[in-house]
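This report concerns only the one structure given below.
Below, chains carry the letters A, B, ... as their sequence lines are ordered, and counting in each starts from 1. The basis for the numbers below is simple: all heavy atoms, side chains too, and nothing from hydrogens, waters or symmetry mates.
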Number of protein chains: 2
Amino acid sequence: MTARPLRADARRNREALLVAAREAFLAGDADAHVEEIARRAGVAVGTLYRHFETREALLEEVYRRRADELCAAPAELLGRHAPDEALRRFLLLLVEHAAESKGMAVALETIMARDSPTFGDARTRMAEALDLLLEAGVAAGTVRGDVSGRTLLRALGGICSMHPTDGWTDEAVRITEILFDGLCVAGVARGAAGRPRSGG
Amino acid sequence: MTARPLRADARRNREALLVAAREAFLAGDADAHVEEIARRAGVAVGTLYRHFETREALLEEVYRRRADELCAAPAELLGRHAPDEALRRFLLLLVEHAAESKGMAVALETIMARDSPTFGDARTRMAEALDLLLEAGVAAGTVRGDVSGRTLLRALGGICSMHPTDGWTDEAVRITEILFDGLCVAGVARGAAGRPRSGG
DNA sequence: AGCACAAGCGGAGTCGGACTCAGGTTATGG
DNA sequence: CCATAACCTGAGTCCGACTCCGCTTGTGCT
């Protein structure tokens, strides 16, 4: 149980592997070969497997770290905005991140969509981040209380499972706004972004 | 160019392969082995590969056929309901299909999410089916015109990338209703869920 | 500094699953 | 009922994830 600290070289290698993997995965090559990642990190595959159970475990660690970075946002947003606005901004933040980095899109998609228990951790953190926002909104009476962060996450996952067609970002943002509006309690919805409901 | 008709035995084998693959894939085992599928169809792998370029090509054909079945629904729904109601029913139809069959969920997810050009065809048909409904709604003035079938498809894909947790269906239906409400033009939205839209 | 040794590392080798191809089999048109 | 092209088979190839064990090295102790 008592995990003694890693030896210095081991810690360095572990970090190098994560950096290499992050480069490969977040750069969009979700099926980069382990051999290649190990080579980039300057170690052999054996070393990679000493640090990560499987290829997928490495993938998860990379995505989990990325998710953690994003999960810091809600608390900060809540400090600066009303709950519903904070929620809106966070949703758009995720979508925009996905738009600008194919890797992030794959990451979001993977974390949210996959069945594998492996991603449960990242998924849970992400869902909790959303719950934080949703609950604040419910407490303020501006957001409906019958949708869980987890469910919302799935819808976002779908939206983010993108492929950079021209104009994708616009549509993704639009449908995210629709989703957001639906989450707001009727009549209390903010009018912020000046989004005219276009007729047709 | 002029494809002469398949020999009788070849046609039979091809069909048997599709049946076997459908059983495997739609039953939820999205990574069934080719060997197994061939065995179930009573042929050898070589035969499988004579009919389908790759494993993924077979997968696609199965999913494409399934998608075609579902794509027949919109036209029929439009004949019996107002456009917005038809749209709503179709969205819920997809979600419910996904709920009752893990395989269909995987199918929807795969068709909608994957980057591979392989699924472009099925994706396009599905998007067109949605476009049909959206356009009818726009013409009737009840549905907004700034969201494409393709985009909607993605959001649904996310919602459907489910894993049968208890209560999933309820949440999926709920978030789909939210999405639907958002698609309706303000003030004209049907009253079903009792959630009048705020003017934006 | 020097030593003991557990932690760590390298990389050839195993294993499993998608895919191929040479040779036998069979539908089909004449 | 023959010729032949289409078809089928399944052992073998290829390739990528993962393993294993002998060698190397950081670390704690004297």
Side-chain angles (χ1 to χ4, degrees), chain A residues 1-25 27-63 106 110 114-119, chain B residues 1-25 27-63 106 110 114-119:
Chain A
M1 269 303 87
T2 50
R4 84 182 49 182
L6 284 178
R7 231 167 67 175
D9 56 343
R11 192 152 17 81
R12 233 170 332 170
N13 283 337
R14 187 188 164 80
E15 221 47 46
L17 280 164
L18 280 168
V19 168
R22 179 175 185 135
E23 267 170 29
F25 293 146
D29 186 6
D31 30 73
H33 297 176
V34 289
E35 207 89 34
E36 171 67 11
I37 292 171
R39 203 185 53 66
R40 280 215 224 182
V43 303
V45 279
T47 304
L48 188 154
Y49 280 99
R50 158 159 284 265
H51 290 289
F52 303 95
E53 198 83 1
T54 65
R55 181 181 178 287
E56 182 150 285
L58 173 57
L59 186 71
E60 191 218 351
E61 182 63 17
V62 169
Y63 288 174
V106 174
T110 309
R114 274 288 181 83
D115 201 2
S116 78
T118 326
F119 290 96
Chain B
M1 270 308 83
T2 50
R4 84 183 49 184
L6 285 177
R7 229 168 67 175
D9 55 345
R11 191 154 17 81
R12 235 175 340 202
N13 283 338
R14 187 187 165 81
E15 222 47 46
L17 281 164
L18 281 168
V19 168
R22 178 175 184 135
E23 268 169 27
F25 293 147
D29 187 6
D31 28 78
H33 299 174
V34 289
E35 207 89 34
E36 171 67 10
I37 292 170
R39 202 185 53 66
R40 281 215 222 180
V43 303
V45 278
T47 304
L48 188 155
Y49 281 99
R50 157 161 283 265
H51 291 288
F52 303 94
E53 198 84 2
T54 63
R55 181 181 177 286
E56 181 150 286
L58 173 57
L59 187 70
E60 191 218 350
E61 183 63 17
V62 169
Y63 287 173
V106 174
T110 309
R114 274 288 181 82
D115 201 1
S116 78
T118 328
F119 290 95

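Between B:Asn13 and B:Leu48, the closest side-chain pair of non-hydrogen atoms is not below 4.5 Å.
Checked against C:dA7, C:dA12, C:dT28, the side chain of A:Arg50 finds its nearest nucleotide in C:dA7. Taking every side-chain heavy atom of A:Thr47 into account, C:dG10 is the closest of D:dC18, C:dT20, C:dG10. For B:Ala10, the side-chain atoms get nearest to D:dC7 when compared with the rest of C:dT20, D:dT19, D:dC7. Distances were taken from every side-chain heavy atom of A:His51 (C-beta onward) to each of D:dC8, C:dC9, D:dG10; the shortest belongs to C:dC9. For A:Ala44, taking side-chain heavy atoms from C-beta onward, the closest of the listed nucleotides C:dG11, D:dC7, D:dC8 is C:dG11. Listed nucleotides: C:dG8, D:dG10, D:dC7. Nearest to the side chain of B:Asp9: D:dC7.
Spacing between atom CG of A:Leu48 and atom P of C:dG11 amounts to 14 Å, rounded to whole angstrom units. Atom CG of A:Asp29 and atom P of D:dG16 are 12 Å apart (whole Å). Across the protein-nucleic acid pair, B:Arg14 atom CZ and D:dC8 atom C1' stand 16 Å apart, rounded to whole Å. Between B:Leu17 atom CG and C:dC19 atom P the separation is 14 Å, expressed in whole Å. One can place CD of A:Glu56 at 15 Å from C1' of D:dG16, the figure rounded to the nearest angstrom. Atom-to-atom, CD1 of B:Ile37 to C1' of C:dA18 comes out at 12 Å; the value is rounded to the nearest Å. We find that CZ of B:Arg39 is positioned 15 Å from P of D:dA11, with the value rounded to whole Å. Here D:dC14 presents its C1' atom at 13 Å from NE2 of A:His33, a figure rounded to the nearest Å.
Ion pairing of B:Glu36 with B:Arg39 is present here, as a side-chain N (NZ or NE/NH1/NH2) and a carboxylate O approach within less than 4.0 Å.
Side-chain nitrogen and oxygen atoms of B:Asn13 include at least one within less than 4.0 Å of the OP1 or OP2 phosphate oxygen of D:dC8. Note on A:Arg7: every side-chain N or O is 4.0 Å or more away from OP1 and OP2 of C:dG8. For A:Tyr49 and D:dT19, the shortest distance from a side-chain N or O to OP1 or OP2 is not below 4.0 Å.
Atom CD of B:Glu53 has 12 or fewer neighbouring heavy atoms from other residues, nucleotides or ligands inside a 6.0 Å radius.
Comparing B:Arg55 and A:Gly42 along DNA chain C, the residue whose closest nucleotide (by nearest heavy atom) sits nearer the 5' end is A:Gly42. Both B:Glu35 and B:Leu6 sit near DNA chain D, but only B:Leu6 has its closest nucleotide nearer the 5' end.
Interatomic distance, CG of A:Leu17 versus CZ of A:Arg12, reported as 12.5 Å (0.5 Å rounding). In this structure, CZ in B:Arg40 is found 13.5 Å from CZ in B:Arg22, a value given to the nearest 0.5 Å.
Among the atoms of the strands shown, only primed sugar atoms or phosphate atoms (P, OP1, OP2) are found under 4.0 Å from some heavy atom of B:Val43.
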